[in-house]
There are 2 protein chains.
Amino acid sequence: MKRRSTLADIAAAAGVSLMTVSRAINSKPGVSDELRQSILALVEEMGYRPNQIARGLATHQTNSVGLIVPDNTNPFFAQIARGVEDGAYAREYSVFLVNTVENPTRELDALGSLWEKEVDGLIWCSARVALEELEFQLRRFPAVVLLNRELENPLSHVMTLNVHDVRGARMAVSHLLGQGCRHIAYLNGPLHSLSAQRRLQGYQSALTEAGLSVDPLLEQCCLPDTASGYDATLVLLNRRPDVDAILAFNDLVAVGAMQACQALGRSVPETVRIIGFDDIPLATIIEPQLTTLHVDLQHIGELAMQALLDIMEGVACPSAMLIEPELFVRDSA
Amino acid sequence: MKRRSTLADIAAAAGVSLMTVSRAINSKPGVSDELRQSILALVEEMGYRPNQIARGLATHQTNSVGLIVPDNTNPFFAQIARGVEDGAYAREYSVFLVNTVENPTRELDALGSLWEKEVDGLIWCSARVALEELEFQLRRFPAVVLLNRELENPLSHVMTLNVHDVRGARMAVSHLLGQGCRHIAYLNGPLHSLSAQRRLQGYQSALTEAGLSVDPLLEQCCLPDTASGYDATLVLLNRRPDVDAILAFNDLVAVGAMQACQALGRSVPETVRIIGFDDIPLATIIEPQLTTLHVDLQHIGELAMQALLDIMEGVACPSAMLIEPELFVRDSA
DNA sequence: ATAACTAACGTTAGCGCTAACTTGTCCGAA
DNA sequence: TTCGGACAAGTTAGCGCTAACGTTAGTTAT
C-alpha cells in the first residue's frame, strides 16, 4: 500500500500553495478557472483523494452518520437501513451500522462509539433506554432522527418518525369486524416496544367502539419473530378455541400464527383470518398471501435520512412525522 | 450540544500535562497508578471520550472497517453483515455499510468513499469490478477480505473467503439422483456471479459423472430473487415439462420455483423436487420446507471480520478459506 | 495620479491527539 | 560521594486539512 498523496504533494507538483489546491478541490472562489483546471487534472493524475479524517478534524464535520437498529437481519430494519443508505449515498454521506441486539448495554456502547467518531447525525431505531438517558444521549449529537419512539418535549435538533400504529390496528380490526369476525385476538409484541403498546391500544379501542368487550384472554404477548408467533398462537388457540381472527404484531408473528393454524388443522382464512403488520417481502411469498398493514419501509429510511440532513443543514423541519399505514387486503383475511 | 471536553481540559483539571492524560487513558506505562486512577476518575466525571477523528489523524488508525454488499436487504447479505458487525463490536470496531445495488459505478464510489475515510480494513462481497480494477483497489487498502471472489495471485494483505459451491451443487445433484430424478434442471443466477458459475460447474460435473448428458435446455438463468425464480420456472417447465427436479441458484429462486410449480399444479416434492442454496430463514418458513445447502452465513461474517483483524494486526492468516456447505434435507426434496 | 477596491493567490495557526524526545527525581552500586 | 539507570513526568513537533487573515497586482473612480 503506497503512501497516499496529500494536498502538499499536489501543491508542490502544481507549484502553488496548499490553500490554492484546497480551494480548487472544494470549488471555492479565489482560484482562476485556468489554474483550477490544471490542478484538478493533477489531482486526477496523481489519484489524490482528500483525507476525510484530516478534514473532519479541521472542520468538525465527518460526512458520516450513525444508524442504530435492533437487528439488521430483521427484514423490517433491513429495509429501513437500505433506505437510509440510499439517501446517504445520494448526498455523499457514509453510514455506520450498529446492531443493539435488544441489549441496552450494547446500545449505550454503540452511542458512545458513534459519538467518539463524531458522526454528523444519528438515526436511532426503537431506542430502549430510559427517558433520562435518552435525553442525555440526544443532547450529545448534533442531529438525530428517532424512529419508533416519541418525545413529549420536542428538541430543535431531533425529529421523531413513527408509524401511526393506533390507526393501523384499528383499520385491521375494522376490516375483520366487517368480515363478520367477533372473536378477534391480538398477538402483541414485546411490552417494552412502543409500537406494541400503540397497536394494542388501537386494537382495544376499535373493539370498544364496535360495542365489543376487551377480553384479556384474547391478548397474547410474544417476541417479534416467527417461532414465537407460532408458540403464542398454540397457547392462544388452546385457551380460546373460538377465536376467528388474529391480528399479529408484525408479519413475522403473523406467519408463525399461520403455521400454527395449519398445524392445528384450522384453515386460513376460512376458520381463522390473519392480519399482519409492516408488509415485509415475506408477506407475498407465503401461502396464503398475507393481508397486512403496508408501510413503505425503505421510503421511511429515505425520509429519515432526508430529515436528518435537513436538521444538519439547519433547514426547517417538522419535529415529528407520522406515517400512515395502508391495509393491503390479500388472501389471509 | 455543549462542547466536548478534550484531553487539554482533563489535563488542566488534573494539573498535569496532556501526555500524562493520554498515557493514562491508553493504559501506557509512564504514569503512577495513583495518578492514573485520579485521572480516570476525572475522565469519568467530565464525560470525556477520546476524539477518534483526531486520534485517527495522529495514528492513521480509525478503528473502522468498510463492508460492501450488493444489497443489505437480501437475507444472504443481511446475515453476513450481522456476523461482521458482531465481530466488529467485540473488538471495538465500527462498520461502514455500503450497498452497491449491483451497480459498478456505485461500487467504485463506495470504495473511493471508504478510502477517503481511511478505514483500517475492508470486507468486500461479490466484487463485480474487472480484474485490473480489483487489483488496483486491493492495493489501496491496508487489509481486505474478499467474499465470493477468488484471486489467482494471492496478496499478503488480502484473504478470500468462498463457499465451496462446486461441491454444494454436486451434493444436491447426487441427492436428487439418489431419489430417482433423471431430468434435473438448474436455475442459475446471474452469469457475472462467480458462485453462479461455480454452482453450474458442480451441477454439470455431477450429471456427467453419473453418465447423464448435460442439456442446455435444462439450464435457465435468472436474477437471484423470488419473482425472477418464478418467471424462470414457468419458462423452464414450459420448455421441458419432463423436468422432475430443480436445483436453484439460491433459496429465493427456489421459493419462486416452488410457487411456479404450485401455480402449474405440479406438486412439490411429488412431481418436482426442489433444492435451494444458502439456507436463509425463509427456507423453514415456507411450506413445504425447503431442502437446501446450508451455510452458516452469520458465522461467515464473523470469520471474515476475524480474519480481517488478523491481517490488520499482522497475525499469520491463510490466503484463502473455503466453507463447506451442508445438505439440509427437508420436505422439498 | 492617488485612494479604494477586488480577484487571486500565500501564510499562519490550529483542530485533538500521539510519537519521540527531553527533563527531573530518586535510588542503589562503585 | 558520584555516577548511571529506572521511572515519572513534561515538551515539541506533526498527522492533513481548513478558517481566517495577509499580500500582491491589476482595475476603477475621482
Side-chain angles (χ1 to χ4, degrees), chain A residues 1-40 42-43 46-64 113 115-120 140 142, chain B residues 1-40 42-43 46-64 113 115-120 140 142:
Chain A
M1 204 186 60
K2 69 168 191 289
R3 198 181 70 84
R4 310 168 62 113
S5 42
T6 70
L7 265 194
D9 297 331
I10 308 288
V16 298
S17 80
L18 276 179
M19 274 315 290
T20 304
V21 181
S22 173
R23 281 189 269 253
I25 286 172
N26 296 306
S27 315
K28 293 201 173 166
V31 195
S32 68
D33 274 357
E34 194 185 3
L35 182 53
R36 186 189 301 273
Q37 290 310 322
S38 69
I39 288 176
L40 291 181
L42 255 179
V43 163
M46 299 175 67
Y48 171 80
R49 283 289 203 104
N51 182 326
Q52 297 286 359
I53 298 296
R55 184 178 277 179
L57 184 58
T59 61
H60 297 285
Q61 276 227 126
T62 55
N63 267 48
S64 61
S113 142
W115 191 61
E116 284 186 350
K117 296 228 157 67
E118 286 211 299
V119 292
D120 298 333
R140 301 214 293 178
Chain B
M1 203 186 63
K2 68 170 192 288
R3 198 181 69 85
R4 311 168 61 113
S5 43
T6 69
L7 266 194
D9 297 330
I10 308 288
V16 298
S17 79
L18 277 179
M19 274 315 291
T20 304
V21 181
S22 172
R23 279 189 272 253
I25 287 172
N26 296 306
S27 315
K28 293 201 171 164
V31 195
S32 68
D33 272 357
E34 194 184 4
L35 182 54
R36 186 188 302 273
Q37 290 310 322
S38 70
I39 289 177
L40 291 181
L42 257 178
V43 163
M46 299 175 65
Y48 171 79
R49 284 290 202 103
N51 181 326
Q52 297 287 359
I53 298 296
R55 186 179 274 179
L57 184 58
T59 61
H60 296 286
Q61 276 226 126
T62 55
N63 267 50
S64 62
S113 142
W115 191 60
E116 285 186 351
K117 297 228 157 66
E118 286 213 298
V119 292
D120 297 334
R140 301 214 293 177

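Below, read A as the first sequence line, B as the second, and so on, with proteins coming before strands; counting in each chain starts at 1. In this text, all values refer to a predicted model and were calculated from it rather than measured experimentally.
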Taking only N and O in the side chain of A/Arg55, is any of them less than 4.0 Å away from OP1 or OP2 of D/dG16? no
Hey, is the main chain of A/Trp115 close enough, under 3.5 Å, to the side chain of B/Arg4 for a donor-acceptor pair? yes
Taken to the nearest whole Å, CD/B/Gln52 to P/C/dC17 is 10 Å
Atom CG of B/Asn51 and atom C1' of C/dT18 are separated, to the nearest Å, by 13 Å
B/Glu118 atom CD is separated from D/dG16 atom C1', nearest whole Å, by 9 Å
Is any side-chain nitrogen or oxygen of A/Tyr48 closer than 4.0 Å to OP1 or OP2 of D/dC17? yes
Note: for B/Ala58 and B/Gly30 on DNA chain D, the residue whose nearest nucleotide lies more 5' is B/Gly30
(Q) Need one value for A/Ile53: base, sugar-phosphate or nothing, where a base atom within 4.0 Å counts as base even if backbone is also close, heavy atoms only. (A) nothing
Per atom distances to the A/Ser22 side chain, the nearest of C/dC17, C/dC9, D/dT18 is D/dT18
When rounded to whole Å, the CG to P distance for the pair A/Asp9 and D/dC15 reads 11 Å
CD1 of A/Ile10 to CG of A/Leu18, rounded to nearest 0.5 Å, is 10.5 Å
Check: Any side-chain N or O of A/Lys28 less than 4.0 Å from the OP1 or OP2 oxygen of D/dA19?
Finding: yes
Closest to the side chain of A/Leu57, out of D/dG10, C/dG10, C/dG16, is C/dG16
Using modelled atom types only, decide if a donor and an acceptor are shared between the side chain of B/Thr62 and the backbone of B/Glu118 within a distance under 3.5 Å. yes
Just N and O in the side chain of A/Ser17: are any of them under 4.0 Å from OP1 or OP2 of C/dT11?
no
Side-chain atoms of A/Thr59 come closest, of C/dT18, D/dC21, D/dT18, to D/dT18
A/Arg36 atom CZ is separated from C/dA7 atom C1', nearest whole Å, by 12 Å
A/Leu18 atom CG is separated from D/dG22 atom P, nearest whole Å, by 19 Å
Rounded to whole Å, CZ of A/Arg49 lies from C1' of D/dC17 at a distance of 16 Å
- Check the pair B/Arg55 / B/Gln61 against side chain to side chain contact (heavy atoms under 4.5 Å, CB included), numbers first and verdict last. CA-CA 8 Å; B/Arg55 186 179 274 179; B/Gln61 276 226 126; over 6 Å; no
Audit row: B/Ser22, B/Asn26, side chain to side chain contact (heavy atoms under 4.5 Å, CB included) steps and yes/no
CA-CA 6 Å; B/Ser22 172; B/Asn26 296 306; 3.4 Å; yes
Among D/dG16, C/dT18, D/dA20, the one nearest any side-chain atom of B/Leu7 is C/dT18
Picking from D/dT18, C/dA8, C/dG10, the nucleotide nearest the side-chain atoms of A/Arg23 would be C/dG10
Between A/Arg3 and A/Asp9, is there a salt bridge with N-O shorter than 4.0 Å? yes
Between B/His60 and B/Val31, the residue closer to the 5' end of DNA chain D by nearest nucleotide is B/Val31
| task | Would you classify B/Pro50 as touching base, sugar-phosphate or nothing, given that sugar-phosphate means primed atoms plus P, OP1 and OP2, and contacts are heavy atoms under 4.0 Å? | result | sugar-phosphate
Considering only heavy side-chain atoms of B/Met19, the closest of C/dA19, C/dC17, D/dA19 is C/dA19
Taken to the nearest whole Å, CZ/B/Arg4 to C1'/C/dC15 is 12 Å
Q. Between A/Ser32 and C/dA7, does any side-chain N or O lie under 4.0 Å from OP1 or OP2?
A. no
